[in-house]
Engineer: 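Here it is, the structure in full.
Letters A, B, ... are given to chains in the order of the sequence lines, protein chains preceding strands, and every chain is numbered from 1.
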Amino acid sequence: MSAGLQDERTELAWSRTALTCWVVALITLRTGLPWSAVALIAPVTMTVIALARRRHLASASVPAALDDGVAAVMAAACALVAIVGCLA
Amino acid sequence: MARDEPGYEPDYRFSLANERTLLAWIRTAFGLVALGVPLAGGIRGITLPHWHHEIGLAAIALGALIAPAAYRNWRRAQLAMRLGVCLPRDPLPAVLATVVAVMLAATLVGAALR
């Protein structure tokens, strides 16, 4: 496996994921129901996680593996958007 | 993963590859939700096929299912790399392909019936 650009590829993947989360949450928000704003919790959470992870990847010479709890929070954020979208 | 996990920390490149796989599945789940919400709710000015509500809900449900399943697969893959054993089989691609095929078939039949 190539040693170069792994960090950069992973940073880009985080950016794409956070952006996708925002798009989906905004689509869900357009349903107009007041409580669909709950879906915004997901992209905010994802953005915070993505920024922290990107900073770590950019600064560490040997990046640590993704934390288990962080991965669980990310999956939960995705499920939250899906549930709000289902109820909307 | 927690530092007291069994085995040894794998090459960081493999961990990053596993992480990118998780992120790709999460994006797939988001994509399904993005498809499902407008379908389930209806789109003004556009004639949707029969059962668009059910198809939309199925897409959203699949997205909700993929997120925790992808997390589980990520954990299992990370543990397998730490232990130096073969990566576990991943049923998600087959599940995704099957459900999407069923949704597509239902859409085609629903469109034909309109």
Engineer: So, for B:Ile60 and A:Gly85, which heavy atoms are closest and what is the spacing to 0.1 Å?
Structural biologist: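 Scanning both residues, the minimum pair turns out to be CD1-O, 3.7 Å.
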Engineer: Which atoms of B:Leu23 are under 4.5 Å from chain A, going by heavy atoms: the side chain, the backbone, both sets, or neither?
Structural biologist: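 For B:Leu23, backbone and side chain are both near chain A.
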Engineer: Just do the side-chain contact (heavy atoms from CB on, under 4.5 Å) check on B:Trp74 and A:Asp68 with the steps written out, would you?
Structural biologist: CA-CA 9 Å; B:Trp74 169 81; A:Asp68 190 34; 3.5 Å; yes
Engineer: With clusters defined by side-chain heavy atoms of hydrophobic residues (ILVMFWY) lying less than 4.5 Å apart, directly or transitively, does B:Leu57 cluster with B:Leu104?
Structural biologist: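 Shared cluster, no.
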Engineer: Are B:Leu65 and B:Leu96 connected into the same hydrophobic cluster when the rule is that any two of I, L, V, M, F, W, Y join if their side-chain heavy atoms are below 4.5 Å apart?
Structural biologist: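 Yes.
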Engineer: Quick check on B:Leu16 against chain A: is it the side chain, the backbone, both or neither that has a heavy atom closer than 4.5 Å?
Structural biologist: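 Interface part for B:Leu16: both.
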Engineer: Assess the residue pair A:Thr20 and B:Arg27 against the criterion (side-chain hydrogen bond (donor to acceptor under 3.5 Å, both in side chains)); give the C-alpha distance rounded to whole Å, side-chain angles, the decisive distance to 0.1 Å, and a yes or no.
Structural biologist: CA-CA 7 Å; A:Thr20 306; B:Arg27 287 196 301 276; 5.1 Å; no
Engineer: Do you reckon A:Val73 sits in the same ILVMFWY cluster as B:Phe30, going by side-chain contacts under 4.5 Å, direct or chained?
Structural biologist: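 A:Val73 clusters together with B:Phe30.
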Engineer: Is B:Leu35 reachable from B:Val100 through a run of hydrophobic residues whose side-chain heavy atoms are each under 4.5 Å from the next?
Structural biologist: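 Same hydrophobic cluster.
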Engineer: Starting at OG1 of A:Thr10, measure out to CZ of B:Arg20 and round the result to the nearest 0.5 Å.
Structural biologist: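 Taking OG1 in A:Thr10 and CZ in B:Arg20, the distance rounds to 4.0 Å.
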Engineer: Output the distance between atom SG (A:Cys78) and atom CD1 (B:Ile26), rounded to the nearest 0.5 Å.
Structural biologist: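 Separation between the atoms: 4.5 Å.
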Engineer: Check whether A:Leu80 gets within reach of chain B through its side chain, its backbone, both or neither, counting any heavy atom under 4.5 Å.
Structural biologist: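 Neither part.
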Engineer: Is there a side-chain contact between A:Met74 and B:Tyr71 in this structure, where contact means two heavy atoms from C-beta onward sitting under 4.5 Å apart?
Structural biologist: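 No, their side chains stay 4.5 Å or more apart.
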Engineer: Look up atom CG in A:Leu5 and atom CZ in B:Arg13, then write down how far apart they are to the nearest 0.5 Å.
Structural biologist: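 Those atoms lie 12.5 Å apart.
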Engineer: Mind checking whether A:Asp7 and B:Tyr12 have side chains closer than 4.5 Å, heavy atoms only?
Structural biologist: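 The answer is yes, as the side chains (C-beta and beyond) meet within the 4.5 Å cut-off.
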Engineer: State which residue, out of A:Thr28, A:Leu29, A:Val84, A:Val24, fulfils the side-chain contact (heavy atoms from CB on, under 4.5 Å) condition with B:Val37.
Structural biologist: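 It is A:Thr28; the other options fail the test.
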Engineer: CD of A:Gln6 to CZ of B:Phe14: how many Å apart, nearest 0.5 Å?
Structural biologist: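 Answer for the CD-CZ pair, A:Gln6 versus B:Phe14, is 9.0 Å.
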Engineer: Is any side-chain heavy atom of B:Ser15 closer than 4.5 Å to one of A:Leu66?
Structural biologist: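 SC-SC contact between A:Leu66 and B:Ser15 ruled out.
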Engineer: Need one label for A:Arg53: side chain, backbone, both or neither, based on atoms under 4.5 Å from any heavy atom in chain B.
Structural biologist: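 For A:Arg53, the side chain is the part near chain B, not the backbone.
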Engineer: If you count heavy-atom pairs under 4.5 Å between each of A:Ala79, A:Pro63, A:Ala25 and chain B, which one has the most?
Structural biologist: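 Ranked by heavy-atom pairs under 4.5 Å with chain B, first place is A:Pro63.
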Engineer: Are B:Val33 and A:Val23 in one and the same hydrophobic cluster, where Ile, Leu, Val, Met, Phe, Trp and Tyr link if side-chain heavy atoms are under 4.5 Å apart?
Structural biologist: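 B:Val33 and A:Val23: one cluster.
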Engineer: How close do A:Ala71 and B:Leu22 get, counting heavy atoms only, and between which atoms?
Structural biologist: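 Closest approach of A:Ala71 to B:Leu22, heavy atoms only: CB-CD2, 4.0 Å.
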